J.: 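One structure follows; several queries about it will come next.
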There are 2 protein chains.
Amino acid sequence: MAKFQTVDIGRSASAASIIFAALRRAIVEGDLADGEPLRQDEIARSFNTSRIPVREALTMLEQQGLVKTERYKGAVVAGLSMAEATEIFDFRALVEAEVMRRAVPNMTTEVLDTARACLERFAAASDPMHYGDLNREFHETLYRASALPYHLGVIENAMDRIDRYLRAQLVLSDGMERARREHLAILDACARGEAERAAALTAEHIHGARDSLAEHMEQRNG
Amino acid sequence: MAKFQTVDIGRSASAASIIFAALRRAIVEGDLADGEPLRQDEIARSFNTSRIPVREALTMLEQQGLVKTERYKGAVVAGLSMAEATEIFDFRALVEAEVMRRAVPNMTTEVLDTARACLERFAAASDPMHYGDLNREFHETLYRASALPYHLGVIENAMDRIDRYLRAQLVLSDGMERARREHLAILDACARGEAERAAALTAEHIHGARDSLAEHMEQRNG
DNA sequence: ATATTGAATATTGGATACAATATCCGATAC
DNA sequence: GTATCGGATATTGTATCCAATATTCAATAT
(Lines give C-alpha, C1' and ligand atoms only; values in the text may rest on other atoms or scores of the structure.)
Protein backbone atom coordinates (compact mmCIF):
# COMPACT_ATOMS: atom_id res chain seq x y z
CA MET A 1 0.00 0.00 0.00
CA ALA A 2 1.53 3.31 -1.02
CA LYS A 3 1.76 5.83 1.80
CA PHE A 4 2.80 8.66 -0.47
CA GLN A 5 1.38 9.86 -3.72
CA THR A 6 3.69 8.71 -6.48
CA VAL A 7 4.46 11.07 -9.32
CA ASP A 8 5.56 10.00 -12.76
CA ILE A 9 8.48 12.27 -13.45
CA GLY A 10 8.04 12.02 -17.19
CA ARG A 11 11.08 9.74 -17.58
CA SER A 12 13.19 11.92 -19.85
CA ALA A 13 13.06 10.65 -23.40
CA SER A 14 16.09 9.41 -25.31
CA ALA A 15 18.05 11.85 -27.43
CA ALA A 16 17.15 9.81 -30.49
CA SER A 17 13.41 10.14 -29.90
CA ILE A 18 13.68 13.88 -29.29
CA ILE A 19 15.63 14.38 -32.50
CA PHE A 20 13.21 12.15 -34.36
CA ALA A 21 10.21 14.13 -33.16
CA ALA A 22 11.83 17.44 -34.08
CA LEU A 23 12.85 16.34 -37.57
CA ARG A 24 9.50 14.69 -38.20
CA ARG A 25 7.70 17.86 -37.27
CA ALA A 26 9.95 19.95 -39.48
CA ILE A 27 9.33 17.68 -42.45
CA VAL A 28 5.58 17.28 -41.92
CA GLU A 29 5.07 21.01 -41.54
CA GLY A 30 7.15 21.75 -44.59
CA ASP A 31 10.00 23.60 -42.88
CA LEU A 32 12.41 21.29 -44.65
CA ALA A 33 12.04 21.25 -48.41
CA ASP A 34 11.83 18.10 -50.50
CA GLY A 35 15.25 16.76 -51.36
CA GLU A 36 16.99 18.80 -48.68
CA PRO A 37 19.97 16.85 -47.36
CA LEU A 38 20.06 16.05 -43.65
CA ARG A 39 23.70 16.04 -42.51
CA GLN A 40 24.34 13.94 -39.45
CA ASP A 41 27.12 16.19 -38.25
CA GLU A 42 25.11 19.36 -38.57
CA ILE A 43 22.05 17.93 -36.83
CA ALA A 44 24.22 16.48 -34.06
CA ARG A 45 25.76 19.88 -33.43
CA SER A 46 22.40 21.62 -33.30
CA PHE A 47 21.19 19.17 -30.64
CA ASN A 48 24.51 19.00 -28.77
CA THR A 49 24.78 15.26 -29.18
CA SER A 50 26.97 12.86 -31.08
CA ARG A 51 25.92 11.46 -34.44
CA ILE A 52 24.73 8.18 -32.92
CA PRO A 53 21.25 9.32 -31.79
CA VAL A 54 20.96 11.36 -35.00
CA ARG A 55 21.47 8.20 -37.01
CA GLU A 56 18.77 6.42 -35.06
CA ALA A 57 16.37 9.28 -35.68
CA LEU A 58 17.15 9.18 -39.40
CA THR A 59 16.61 5.43 -39.40
CA MET A 60 13.16 5.93 -37.89
CA LEU A 61 12.32 8.63 -40.42
CA GLU A 62 13.40 6.36 -43.25
CA GLN A 63 11.16 3.55 -42.00
CA GLN A 64 8.28 6.01 -42.04
CA GLY A 65 9.11 7.02 -45.58
CA LEU A 66 9.83 10.63 -44.63
CA VAL A 67 13.45 10.53 -45.75
CA LYS A 68 15.36 8.53 -48.33
CA THR A 69 18.84 7.28 -47.46
CA GLU A 70 21.59 6.14 -49.77
CA ARG A 71 24.61 4.34 -48.39
CA TYR A 72 27.61 6.62 -47.89
CA LYS A 73 25.57 9.47 -49.34
CA GLY A 74 23.23 10.37 -46.54
CA ALA A 75 19.56 11.19 -46.07
CA VAL A 76 17.36 13.66 -47.91
CA VAL A 77 13.75 14.68 -47.30
CA ALA A 78 11.62 12.33 -49.39
CA GLY A 79 9.37 14.23 -51.75
CA LEU A 80 6.35 12.73 -53.43
CA SER A 81 5.62 12.56 -57.13
CA MET A 82 2.14 13.42 -58.28
CA ALA A 83 1.37 9.72 -58.70
CA GLU A 84 2.61 8.89 -55.21
CA ALA A 85 0.64 11.70 -53.61
CA THR A 86 -2.49 10.65 -55.47
CA GLU A 87 -2.06 7.07 -54.35
CA ILE A 88 -1.73 8.08 -50.72
CA PHE A 89 -4.88 10.20 -50.96
CA ASP A 90 -6.76 7.24 -52.37
CA PHE A 91 -5.43 5.05 -49.59
CA ARG A 92 -6.53 7.55 -46.98
CA ALA A 93 -9.99 7.80 -48.49
CA LEU A 94 -10.36 4.04 -48.33
CA VAL A 95 -9.14 3.59 -44.78
CA GLU A 96 -10.54 6.74 -43.21
CA ALA A 97 -13.98 6.11 -44.64
CA GLU A 98 -13.98 2.64 -43.10
CA VAL A 99 -12.71 3.93 -39.77
CA MET A 100 -15.38 6.61 -39.78
CA ARG A 101 -18.03 4.01 -40.51
CA ARG A 102 -16.96 2.02 -37.49
CA ALA A 103 -16.42 5.06 -35.29
CA VAL A 104 -19.86 6.64 -35.61
CA PRO A 105 -21.70 4.07 -33.46
CA ASN A 106 -19.24 4.74 -30.63
CA MET A 107 -19.35 8.50 -30.67
CA THR A 108 -20.31 9.98 -27.34
CA THR A 109 -21.55 13.55 -26.99
CA GLU A 110 -18.15 14.32 -25.50
CA VAL A 111 -16.40 13.24 -28.69
CA LEU A 112 -18.80 15.29 -30.78
CA ASP A 113 -18.32 18.33 -28.56
CA THR A 114 -14.54 18.05 -28.78
CA ALA A 115 -14.75 17.82 -32.55
CA ARG A 116 -17.10 20.80 -32.69
CA ALA A 117 -14.68 22.80 -30.59
CA CYS A 118 -11.94 21.99 -33.10
CA LEU A 119 -14.03 23.46 -35.88
CA GLU A 120 -14.69 26.61 -33.91
CA ARG A 121 -11.01 27.09 -33.23
CA PHE A 122 -10.44 26.32 -36.89
CA ALA A 123 -12.78 29.13 -37.93
CA ALA A 124 -11.28 31.56 -35.43
CA ALA A 125 -7.64 30.68 -36.05
CA SER A 126 -5.44 33.55 -37.10
CA ASP A 127 -2.28 31.66 -38.03
CA PRO A 128 -2.96 30.00 -41.38
CA MET A 129 -0.14 27.53 -40.80
CA HIS A 130 -1.94 26.28 -37.71
CA TYR A 131 -4.92 25.14 -39.76
CA GLY A 132 -3.16 21.90 -40.53
CA ASP A 133 -2.92 20.94 -36.87
CA LEU A 134 -6.56 21.71 -36.19
CA ASN A 135 -7.58 19.85 -39.32
CA ARG A 136 -5.77 16.74 -38.12
CA GLU A 137 -7.09 17.13 -34.61
CA PHE A 138 -10.66 17.27 -35.87
CA HIS A 139 -10.36 14.10 -37.90
CA GLU A 140 -8.40 12.19 -35.30
CA THR A 141 -10.86 13.08 -32.58
CA LEU A 142 -13.62 11.40 -34.54
CA TYR A 143 -11.48 8.45 -35.65
CA ARG A 144 -10.37 7.69 -32.11
CA ALA A 145 -13.92 6.65 -31.30
CA SER A 146 -13.43 3.66 -33.59
CA ALA A 147 -11.02 2.11 -31.07
CA LEU A 148 -8.92 0.78 -33.96
CA PRO A 149 -5.37 1.68 -32.97
CA TYR A 150 -3.65 -0.05 -35.86
CA HIS A 151 -5.82 1.75 -38.38
CA LEU A 152 -5.15 5.06 -36.63
CA GLY A 153 -1.41 4.50 -36.78
CA VAL A 154 -1.51 3.73 -40.48
CA ILE A 155 -3.63 6.81 -41.14
CA GLU A 156 -1.26 8.96 -39.14
CA ASN A 157 1.68 7.83 -41.23
CA ALA A 158 -0.19 8.46 -44.47
CA MET A 159 -1.10 11.94 -43.23
CA ASP A 160 2.51 12.64 -42.30
CA ARG A 161 3.61 12.03 -45.84
CA ILE A 162 1.21 14.41 -47.55
CA ASP A 163 0.54 16.95 -44.86
CA ARG A 164 2.92 19.61 -46.13
CA TYR A 165 1.27 19.54 -49.54
CA LEU A 166 -2.17 19.69 -47.96
CA ARG A 167 -1.21 22.61 -45.76
CA ALA A 168 0.19 24.52 -48.69
CA GLN A 169 -2.99 23.88 -50.65
CA LEU A 170 -5.29 24.71 -47.74
CA VAL A 171 -4.32 28.36 -47.71
CA LEU A 172 -4.78 28.70 -51.45
CA SER A 173 -8.02 29.53 -53.22
CA ASP A 174 -11.19 28.43 -51.46
CA GLY A 175 -9.52 25.50 -49.71
CA MET A 176 -10.30 26.90 -46.28
CA GLU A 177 -13.94 27.64 -46.95
CA ARG A 178 -14.65 24.30 -48.56
CA ALA A 179 -12.88 22.42 -45.77
CA ARG A 180 -15.05 24.24 -43.23
CA ARG A 181 -18.23 23.31 -45.10
CA GLU A 182 -17.27 19.66 -45.51
CA HIS A 183 -16.19 19.34 -41.90
CA LEU A 184 -19.57 20.62 -40.75
CA ALA A 185 -21.36 18.12 -42.99
CA ILE A 186 -19.26 15.24 -41.64
CA LEU A 187 -19.84 16.28 -38.05
CA ASP A 188 -23.56 16.57 -38.72
CA ALA A 189 -23.72 13.02 -40.11
CA CYS A 190 -21.81 11.77 -37.07
CA ALA A 191 -24.16 13.54 -34.68
CA ARG A 192 -27.16 11.96 -36.40
CA GLY A 193 -25.51 8.55 -36.19
CA GLU A 194 -25.54 8.11 -39.96
CA ALA A 195 -22.38 6.04 -40.31
CA GLU A 196 -22.65 5.36 -44.02
CA ARG A 197 -23.17 9.00 -44.86
CA ALA A 198 -20.28 10.07 -42.63
CA ALA A 199 -18.07 7.52 -44.35
CA ALA A 200 -19.09 8.66 -47.82
CA LEU A 201 -18.57 12.32 -46.93
CA THR A 202 -15.14 11.51 -45.53
CA ALA A 203 -14.11 9.77 -48.74
CA GLU A 204 -15.41 12.68 -50.80
CA HIS A 205 -13.62 15.13 -48.55
CA ILE A 206 -10.29 13.40 -49.13
CA HIS A 207 -10.83 12.87 -52.84
CA GLY A 208 -11.68 16.54 -53.13
CA ALA A 209 -8.41 17.47 -51.48
CA ARG A 210 -6.62 15.10 -53.84
CA ASP A 211 -8.14 16.68 -56.93
CA SER A 212 -7.64 20.19 -55.65
CA LEU A 213 -4.00 19.47 -54.97
CA ALA A 214 -3.58 17.90 -58.39
CA GLU A 215 -4.92 21.07 -60.03
CA HIS A 216 -2.85 23.46 -58.01
CA MET A 217 0.41 21.84 -58.92
CA GLU A 218 1.05 20.62 -62.36
CA GLN A 219 4.61 21.80 -61.87
CA ARG A 220 6.20 18.96 -59.90
CA ASN A 221 9.04 16.52 -60.12
CA GLY A 222 8.42 12.89 -61.06
CA MET B 1 30.48 6.90 -73.84
CA ALA B 2 31.36 3.76 -71.92
CA LYS B 3 33.91 1.55 -73.62
CA PHE B 4 33.48 -1.29 -71.20
CA GLN B 5 30.39 -2.99 -69.95
CA THR B 6 29.78 -1.87 -66.40
CA VAL B 7 28.66 -4.41 -63.87
CA ASP B 8 26.70 -3.61 -60.77
CA ILE B 9 28.60 -5.52 -58.13
CA GLY B 10 25.62 -5.82 -55.82
CA ARG B 11 26.94 -3.00 -53.64
CA SER B 12 27.37 -4.88 -50.39
CA ALA B 13 24.64 -3.91 -47.99
CA SER B 14 25.27 -2.29 -44.64
CA ALA B 15 25.67 -4.48 -41.59
CA ALA B 16 22.55 -2.89 -40.12
CA SER B 17 20.38 -3.85 -43.10
CA ILE B 18 21.69 -7.41 -43.10
CA ILE B 19 20.96 -7.81 -39.41
CA PHE B 20 17.55 -6.22 -39.87
CA ALA B 21 16.64 -8.62 -42.65
CA ALA B 22 17.77 -11.63 -40.65
CA LEU B 23 15.90 -10.65 -37.50
CA ARG B 24 12.79 -9.71 -39.45
CA ARG B 25 12.77 -13.08 -41.14
CA ALA B 26 13.24 -14.87 -37.84
CA ILE B 27 10.34 -13.01 -36.27
CA VAL B 28 7.98 -13.26 -39.24
CA GLU B 29 8.60 -16.98 -39.62
CA GLY B 30 8.11 -17.55 -35.93
CA ASP B 31 11.63 -18.71 -35.08
CA LEU B 32 11.69 -16.14 -32.30
CA ALA B 33 8.85 -16.46 -29.82
CA ASP B 34 6.66 -13.58 -28.68
CA GLY B 35 8.25 -11.69 -25.82
CA GLU B 36 11.69 -13.15 -26.42
CA PRO B 37 14.33 -10.57 -25.49
CA LEU B 38 16.79 -9.50 -28.17
CA ARG B 39 20.11 -8.74 -26.48
CA GLN B 40 22.29 -6.32 -28.43
CA ASP B 41 25.49 -7.92 -27.25
CA GLU B 42 24.45 -11.42 -28.15
CA ILE B 43 23.21 -10.45 -31.62
CA ALA B 44 26.35 -8.41 -32.24
CA ARG B 45 28.51 -11.40 -31.42
CA SER B 46 26.56 -13.72 -33.69
CA PHE B 47 27.05 -11.32 -36.62
CA ASN B 48 30.64 -10.41 -35.74
CA THR B 49 29.84 -6.72 -35.53
CA SER B 50 29.66 -4.10 -32.83
CA ARG B 51 26.36 -3.22 -31.19
CA ILE B 52 25.90 -0.10 -33.32
CA PRO B 53 24.43 -1.76 -36.43
CA VAL B 54 22.42 -4.06 -34.17
CA ARG B 55 20.82 -1.05 -32.54
CA GLU B 56 19.92 0.38 -35.92
CA ALA B 57 18.35 -2.92 -36.94
CA LEU B 58 16.32 -2.98 -33.73
CA THR B 59 15.22 0.60 -34.38
CA MET B 60 13.92 -0.43 -37.80
CA LEU B 61 12.11 -3.44 -36.36
CA GLU B 62 10.49 -1.26 -33.74
CA GLN B 63 9.22 1.19 -36.38
CA GLN B 64 7.66 -1.78 -38.15
CA GLY B 65 6.00 -2.88 -34.95
CA LEU B 66 7.84 -6.20 -34.87
CA VAL B 67 9.62 -5.51 -31.57
CA LYS B 68 8.82 -3.40 -28.55
CA THR B 69 11.61 -1.44 -26.88
CA GLU B 70 11.76 0.00 -23.41
CA ARG B 71 14.49 2.45 -22.51
CA TYR B 72 17.39 0.83 -20.66
CA LYS B 73 15.55 -2.46 -20.75
CA GLY B 74 15.95 -3.56 -24.32
CA ALA B 75 13.84 -5.02 -27.11
CA VAL B 76 11.50 -8.00 -27.11
CA VAL B 77 9.57 -9.63 -29.93
CA ALA B 78 6.19 -7.88 -30.07
CA GLY B 79 3.33 -10.32 -29.76
CA LEU B 80 -0.24 -9.54 -30.73
CA SER B 81 -3.33 -9.79 -28.57
CA MET B 82 -6.39 -11.38 -30.06
CA ALA B 83 -7.93 -7.93 -30.55
CA GLU B 84 -4.83 -6.62 -32.30
CA ALA B 85 -4.59 -9.62 -34.59
CA THR B 86 -8.26 -9.34 -35.46
CA GLU B 87 -7.89 -5.66 -36.27
CA ILE B 88 -4.96 -6.31 -38.59
CA PHE B 89 -6.93 -9.00 -40.40
CA ASP B 90 -9.80 -6.56 -40.90
CA PHE B 91 -7.38 -3.96 -42.17
CA ARG B 92 -5.89 -6.41 -44.62
CA ALA B 93 -9.31 -7.44 -45.89
CA LEU B 94 -10.19 -3.81 -46.54
CA VAL B 95 -6.98 -2.86 -48.32
CA GLU B 96 -6.28 -6.08 -50.16
CA ALA B 97 -9.81 -6.25 -51.54
CA GLU B 98 -9.42 -2.73 -52.93
CA VAL B 99 -6.00 -3.47 -54.36
CA MET B 100 -7.36 -6.61 -55.98
CA ARG B 101 -10.24 -4.63 -57.46
CA ARG B 102 -7.80 -2.25 -59.08
CA ALA B 103 -5.31 -4.95 -60.07
CA VAL B 104 -7.64 -7.17 -62.07
CA PRO B 105 -7.96 -4.84 -65.09
CA ASN B 106 -4.15 -4.79 -65.39
CA MET B 107 -3.53 -8.51 -65.16
CA THR B 108 -1.65 -9.87 -68.13
CA THR B 109 -1.58 -13.55 -68.98
CA GLU B 110 1.96 -13.56 -67.66
CA VAL B 111 0.80 -12.41 -64.23
CA LEU B 112 -1.92 -15.04 -64.20
CA ASP B 113 0.53 -17.74 -65.26
CA THR B 114 2.97 -16.77 -62.53
CA ALA B 115 0.20 -16.88 -59.94
CA ARG B 116 -0.97 -20.25 -61.22
CA ALA B 117 2.56 -21.57 -60.94
CA CYS B 118 2.60 -20.46 -57.30
CA LEU B 119 -0.48 -22.52 -56.61
CA GLU B 120 1.03 -25.57 -58.26
CA ARG B 121 4.16 -25.28 -56.19
CA PHE B 122 1.92 -24.72 -53.20
CA ALA B 123 0.10 -27.98 -53.85
CA ALA B 124 3.33 -29.88 -54.44
CA ALA B 125 5.31 -28.37 -51.58
CA SER B 126 6.70 -30.85 -49.11
CA ASP B 127 7.91 -28.49 -46.39
CA PRO B 128 4.81 -27.24 -44.55
CA MET B 129 6.70 -24.24 -43.21
CA HIS B 130 7.32 -23.12 -46.79
CA TYR B 131 3.60 -22.74 -47.43
CA GLY B 132 3.68 -19.29 -45.91
CA ASP B 133 6.18 -18.01 -48.47
CA LEU B 134 4.22 -19.41 -51.40
CA ASN B 135 1.00 -18.02 -49.98
CA ARG B 136 2.49 -14.54 -49.84
CA GLU B 137 4.05 -14.90 -53.26
CA PHE B 138 0.69 -15.82 -54.78
CA HIS B 139 -1.10 -12.84 -53.34
CA GLU B 140 1.69 -10.38 -54.02
CA THR B 141 1.99 -11.51 -57.62
CA LEU B 142 -1.61 -10.55 -58.21
CA TYR B 143 -1.43 -7.34 -56.17
CA ARG B 144 1.62 -6.09 -58.02
CA ALA B 145 -0.52 -5.71 -61.12
CA SER B 146 -2.32 -2.87 -59.36
CA ALA B 147 0.79 -0.69 -59.65
CA LEU B 148 0.04 0.77 -56.21
CA PRO B 149 3.39 0.63 -54.44
CA TYR B 150 2.28 2.43 -51.29
CA HIS B 151 -0.62 0.05 -50.80
CA LEU B 152 1.69 -2.92 -51.37
CA GLY B 153 4.10 -1.65 -48.73
CA VAL B 154 1.37 -1.21 -46.17
CA ILE B 155 0.01 -4.68 -46.92
CA GLU B 156 3.47 -6.18 -46.59
CA ASN B 157 3.89 -4.67 -43.15
CA ALA B 158 0.49 -5.89 -42.02
CA MET B 159 1.36 -9.38 -43.28
CA ASP B 160 4.66 -9.31 -41.43
CA ARG B 161 2.90 -8.79 -38.16
CA ILE B 162 0.51 -11.70 -38.38
CA ASP B 163 2.36 -14.11 -40.62
CA ARG B 164 3.67 -16.35 -37.86
CA TYR B 165 0.16 -16.88 -36.51
CA LEU B 166 -1.14 -17.53 -40.01
CA ARG B 167 1.59 -20.05 -40.72
CA ALA B 168 0.94 -21.88 -37.50
CA GLN B 169 -2.75 -22.00 -38.31
CA LEU B 170 -2.24 -23.01 -41.93
CA VAL B 171 -0.82 -26.40 -41.03
CA LEU B 172 -3.65 -27.13 -38.60
CA SER B 173 -6.96 -28.70 -39.47
CA ASP B 174 -8.17 -28.08 -43.00
CA GLY B 175 -6.38 -24.75 -43.36
CA MET B 176 -4.32 -25.98 -46.29
CA GLU B 177 -7.17 -27.47 -48.24
CA ARG B 178 -9.43 -24.48 -47.79
CA ALA B 179 -6.65 -22.07 -48.76
CA ARG B 180 -6.07 -24.05 -51.94
CA ARG B 181 -9.76 -23.90 -52.83
CA GLU B 182 -10.08 -20.20 -52.16
CA HIS B 183 -6.92 -19.37 -54.05
CA LEU B 184 -8.25 -21.17 -57.10
CA ALA B 185 -11.53 -19.25 -56.90
CA ILE B 186 -9.69 -15.94 -56.66
CA LEU B 187 -7.43 -16.77 -59.57
CA ASP B 188 -10.46 -17.82 -61.61
CA ALA B 189 -12.19 -14.49 -60.99
CA CYS B 190 -9.01 -12.67 -61.98
CA ALA B 191 -8.68 -14.66 -65.20
CA ARG B 192 -12.28 -13.83 -66.10
CA GLY B 193 -11.65 -10.16 -65.40
CA GLU B 194 -14.31 -10.05 -62.71
CA ALA B 195 -12.75 -7.43 -60.45
CA GLU B 196 -15.63 -7.13 -58.00
CA ARG B 197 -15.84 -10.85 -57.48
CA ALA B 198 -12.09 -11.16 -57.04
CA ALA B 199 -12.20 -8.38 -54.46
CA ALA B 200 -15.09 -9.97 -52.56
CA LEU B 201 -13.41 -13.37 -52.57
CA THR B 202 -10.19 -11.81 -51.28
CA ALA B 203 -12.00 -10.17 -48.39
CA GLU B 204 -13.77 -13.42 -47.57
CA HIS B 205 -10.49 -15.31 -47.78
CA ILE B 206 -8.89 -13.02 -45.21
CA HIS B 207 -11.91 -12.88 -42.94
CA GLY B 208 -11.99 -16.66 -43.03
CA ALA B 209 -8.39 -16.81 -41.91
CA ARG B 210 -9.21 -14.34 -39.16
CA ASP B 211 -12.09 -16.42 -37.84
CA SER B 212 -10.18 -19.65 -38.15
CA LEU B 213 -7.29 -18.20 -36.20
CA ALA B 214 -9.64 -16.85 -33.56
CA GLU B 215 -11.10 -20.33 -33.05
CA HIS B 216 -7.80 -22.13 -32.88
CA MET B 217 -6.44 -19.99 -30.14
CA GLU B 218 -8.58 -18.90 -27.30
CA GLN B 219 -5.52 -19.31 -25.11
CA ARG B 220 -3.56 -16.11 -25.66
CA ASN B 221 -2.13 -13.19 -23.77
CA GLY B 222 -3.94 -9.85 -23.80
C1' DA C 1 9.81 -15.23 7.61
C1' DT C 2 9.27 -10.90 5.13
C1' DA C 3 10.48 -6.64 3.57
C1' DT C 4 14.11 -3.29 2.69
C1' DT C 5 18.58 -1.68 1.65
C1' DG C 6 22.65 -1.35 -0.97
C1' DA C 7 26.48 -3.08 -3.43
C1' DA C 8 27.74 -5.98 -7.59
C1' DT C 9 26.53 -7.22 -12.15
C1' DA C 10 24.30 -6.87 -16.58
C1' DT C 11 22.48 -4.17 -20.17
C1' DT C 12 21.42 -0.24 -22.76
C1' DG C 13 22.37 4.90 -24.28
C1' DG C 14 25.68 7.90 -26.00
C1' DA C 15 30.52 9.93 -27.12
C1' DT C 16 34.74 9.48 -29.27
C1' DA C 17 37.80 7.51 -32.64
C1' DC C 18 38.75 5.16 -36.81
C1' DA C 19 37.61 3.02 -41.50
C1' DA C 20 35.22 3.14 -45.90
C1' DT C 21 33.25 5.60 -49.47
C1' DA C 22 31.77 9.59 -52.09
C1' DT C 23 32.52 14.19 -53.84
C1' DC C 24 35.14 17.93 -55.34
C1' DC C 25 38.82 20.03 -57.84
C1' DG C 26 43.02 20.78 -60.01
C1' DA C 27 46.48 18.64 -63.11
C1' DT C 28 47.41 16.43 -67.25
C1' DA C 29 46.86 14.30 -71.84
C1' DC C 30 44.69 14.57 -76.11
C1' DG D 1 38.70 23.13 -74.84
C1' DT D 2 37.33 18.60 -73.16
C1' DA D 3 37.85 14.41 -70.90
C1' DT D 4 40.23 11.59 -67.67
C1' DC D 5 42.95 10.73 -63.66
C1' DG D 6 44.44 11.24 -58.85
C1' DG D 7 44.72 13.29 -54.54
C1' DA D 8 42.35 16.30 -50.89
C1' DT D 9 38.19 16.92 -48.43
C1' DA D 10 33.71 15.77 -46.71
C1' DT D 11 30.49 12.48 -45.13
C1' DT D 12 28.83 8.23 -43.68
C1' DG D 13 29.49 3.35 -41.41
C1' DT D 14 31.37 0.88 -37.63
C1' DA D 15 34.25 -0.22 -33.46
C1' DT D 16 35.58 0.87 -29.01
C1' DC D 17 34.95 3.07 -24.72
C1' DC D 18 32.43 5.40 -21.00
C1' DA D 19 27.97 6.79 -18.64
C1' DA D 20 23.31 5.86 -17.08
C1' DT D 21 19.99 2.75 -15.70
C1' DA D 22 18.04 -1.69 -14.52
C1' DT D 23 18.39 -6.14 -12.27
C1' DT D 24 20.04 -9.42 -9.03
C1' DC D 25 21.09 -10.95 -4.63
C1' DA D 26 23.17 -11.05 -0.19
C1' DA D 27 22.85 -8.62 4.24
C1' DT D 28 20.07 -6.58 7.65
C1' DA D 29 16.16 -4.86 10.32
C1' DT D 30 11.56 -5.57 11.79
Side-chain angles (χ1 to χ4, degrees), chain A residues 1-24 27 32-33 35-64 66-78, chain B residues 1-24 27 32-33 35-64 66-78:
Chain A
M1 192 87 64
K3 281 118 188 148
F4 299 99
Q5 189 172 6
T6 60
V7 195
D8 189 338
I9 58 160
R11 197 162 227 86
S12 74
S14 70
S17 66
I18 292 172
I19 297 170
F20 165 71
L23 291 179
R24 169 180 173 272
I27 294 174
L32 291 168
E36 181 142 335
L38 302 173
R39 299 289 168 214
Q40 297 175 7
D41 224 357
E42 184 182 348
I43 297 169
R45 268 197 304 275
S46 73
F47 283 93
N48 281 313
T49 68
S50 75
R51 280 166 39 220
I52 299 293
V54 174
R55 289 175 55 92
E56 279 187 35
L58 292 175
T59 300
M60 296 188 228
L61 291 168
E62 170 156 47
Q63 288 299 311
Q64 307 236 348
L66 293 176
V67 310
K68 277 197 175 78
T69 298
E70 218 170 335
R71 191 162 150 83
Y72 291 120
K73 285 185 161 183
V76 300
V77 177
Chain B
M1 190 87 64
K3 282 122 190 141
F4 299 98
Q5 190 172 6
T6 60
V7 196
D8 189 336
I9 59 160
R11 197 161 227 84
S12 74
S14 72
S17 66
I18 291 172
I19 296 170
F20 165 71
L23 291 180
R24 169 180 173 272
I27 294 173
L32 291 169
E36 180 142 336
L38 301 173
R39 300 288 168 214
Q40 299 175 6
D41 222 0
E42 184 182 348
I43 297 168
R45 266 197 305 276
S46 73
F47 283 93
N48 281 312
T49 68
S50 77
R51 280 167 38 221
I52 299 292
V54 174
R55 291 181 45 170
E56 281 187 32
L58 291 175
T59 301
M60 297 188 226
L61 291 168
E62 169 155 48
Q63 287 299 310
Q64 305 238 346
L66 293 177
V67 310
K68 278 196 175 77
T69 298
E70 218 169 335
R71 191 161 149 84
Y72 292 119
K73 284 184 160 185
V76 301
V77 177

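A note on names: the letters A, B, ... follow the listed sequences, proteins ahead of strands, and every chain is numbered from 1. Remember, predicted model here, so these are calculated numbers, not experimental data.
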J.: In residues 35-43 of chain A, which residues come under 4.0 Å of DNA chain C by heavy atom?
T.: none
J.: Might you point out which heavy atoms bring A13(A) and I18(A) nearest each other, and give the distance in Å?
T.: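 Closest approach of A13(A) to I18(A): O-CD1, 4.0 Å.
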J.: Drop me the distance from R55(A)'s CZ to I19(A)'s CD1, to the nearest 0.5 angstrom.
T.: 12.5 Å
J.: Calculate, to the nearest 0.5 Å, the distance between atoms CG and CD belonging to L61(B) and Q63(A) respectively.
T.: 8.0 Å
J.: Distance from L23(A) atom CG to L32(A) atom CG, nearest 0.5 Å?
T.: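 Between atom CG of L23(A) and atom CG of L32(A) there are 7.0 Å.
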J.: Where the side chain of Y72(A) is defined as all heavy atoms beyond and including C-beta, which of dT23(D), dG14(C), dT21(C) is the nearest nucleotide?
T.: dT21(C)
J.: Rounded to whole Å, how long is the line connecting atom CD of E56(A) with atom P of dG13(C)?
T.: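 These atoms are roughly 7 Å apart.
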J.: Considering only dA15(C), dA15(D), dT21(D), which nucleotide approaches the side chain of T49(B) most closely?
T.: dA15(D)
J.: Rounded off to whole Å, could you give me the CZ-to-P distance for the F20(A) and dG13(C) pair?
T.: 16 Å
J.: When rounded to the nearest 0.5 angstrom, what distance separates OG1 in T49(B) from CD in Q40(B)?
T.: 10.5 Å
J.: Ignoring hydrogens and angles, tell me if any N or O in the side chain of E62(B) forms a donor-acceptor pair with the backbone of T69(B) under 3.5 Å.
T.: yes
J.: Between C1' on dA15(D) and CZ on R45(B), what's the gap in Å once rounded to a whole number?
T.: 15 Å
J.: Would you mind reading off the distance between E70(A) atom CD and dG13(D) atom P, rounded to a whole angstrom?
T.: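 In whole Å, dG13(D) P lies 11 Å from E70(A) CD.
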J.: Looking at K73(A), I'd like to know whether one of its side-chain N or O atoms comes within less than 4.0 Å of OP1 or OP2 on dT12(D).
T.: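 Indeed not, no polar side-chain atom of K73(A) lies that close.
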J.: If every non-hydrogen atom of A44(B) is compared with every non-hydrogen atom of S50(B), which pair is closest and at what distance?
T.: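 Nearest heavy atoms, A44(B) then S50(B): CB-O, 3.6 Å.
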J.: Take the protein atom CZ of F47(A) and the nucleotide atom P of dG13(C), then report the distance between them rounded to whole Å.
T.: 19 Å
J.: Would you tabulate the nitrogen or oxygen pairs shorter than 3.5 Å linking the protein to nucleotides 16-18 of chain D?
T.:
none

J.: If I take atom CD from residue Q64(B) and atom CZ from residue F20(B), how far apart are they, to the nearest 0.5 angstrom?
T.: 4.5 Å
J.: Whole angstroms only, please: what is the CZ-P distance between R55(A) and dG14(C)?
T.: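 Distance check: R55(A) CZ to dG14(C) P gives 14 Å.
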J.: Under the rule for salt bridge (charged side-chain N to carboxylate O under 4.0 Å, His left out), what residues qualify as partners of R51(A), not counting sequence neighbours?
T.: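 Here no residue qualifies.
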